[in-house]
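Just so it is clear, the model here is predicted, and its values are computed rather than measured.
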Amino acid sequence: MRIDEQLKLLCLKSNMSLAEMARRLDKTPQAFNQKMKRGNFSIEELADIALVSGCELKCEFVYTNGDKITIT
């Protein structure tokens with residue numbers, strides 16, 4: 001699933017529109033929509049999106065042996 005699809009699902013589960021998410025991030029809906037089309041979000045931006053959505057972002061690299069490197 002692409003990041004724009006995941007963010008749309010996040011909005012749906014958070015009972016907010018993409019425009020509302022943009023406003024909570026201090027962005028215009030148009031600018032946020034363009035960013036969604038490009039799909040190039042940094043980890044920091046995704047963490048901000050999680051914060052305004054009321055959830056937590058967890059990013060990890062997981063090896064087949066179970067070892068993990070958490071991205072902070």
So which heavy atom on [X] is nearest to which on [Y], and how close?
| X | Y | result |
| --- | --- | --- |
| Met16 | Val52 | CE-O, 3.5 Å |
| Ala22 | Pro29 | CB-CA, 3.8 Å |
| Ala50 | Glu56 | CB-C, 4.1 Å |

As an exercise, state the distance from [atom1] of [X] to [atom2] of [Y], rounded to the nearest 0.5 Å.
| X | Y | atom1 | atom2 | answer |
| --- | --- | --- | --- | --- |
| Leu12 | Leu18 | CG | CG | 10.0 Å |
| Ile3 | Ile49 | CD1 | CD1 | 7.0 Å |
| Met21 | Met36 | CE | CE | 8.0 Å |
| Phe41 | Asp48 | CZ | CG | 11.0 Å |
| Glu45 | Leu57 | CD | CG | 12.0 Å |
| Ser14 | Leu7 | OG | CG | 10.0 Å |

Are any of the side-chain heavy atoms of [X] and [Y] separated by less than 4.5 Å?
| X | Y | answer |
| --- | --- | --- |
| Leu10 | Cys55 | yes |
| Lys37 | Gln34 | yes |
| Asn40 | Lys35 | yes |

Count I, L, V, M, F, W, Y as connected when their side-chain heavy atoms are under 4.5 Å apart, and connections chain through other members. Are Phe61 and Ile43 then in the same cluster?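 Result: yes, single cluster for both.
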Using the side-chain hydrogen bond (donor to acceptor under 3.5 Å, both in side chains) criterion, which residues pair with Asp67? Sequence neighbours excluded. Asn65
Applying salt bridge (Lys or Arg N to Asp or Glu O under 4.0 Å), name anything that partners Arg2, two or more places apart in sequence or on another chain.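 In terms of salt bridge (Lys or Arg N to Asp or Glu O under 4.0 Å), with neighbours along the sequence ignored, Arg2 is linked to Asp4.
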Salt-bridge present (Lys8, Glu5; N to O < 4.0 Å): no
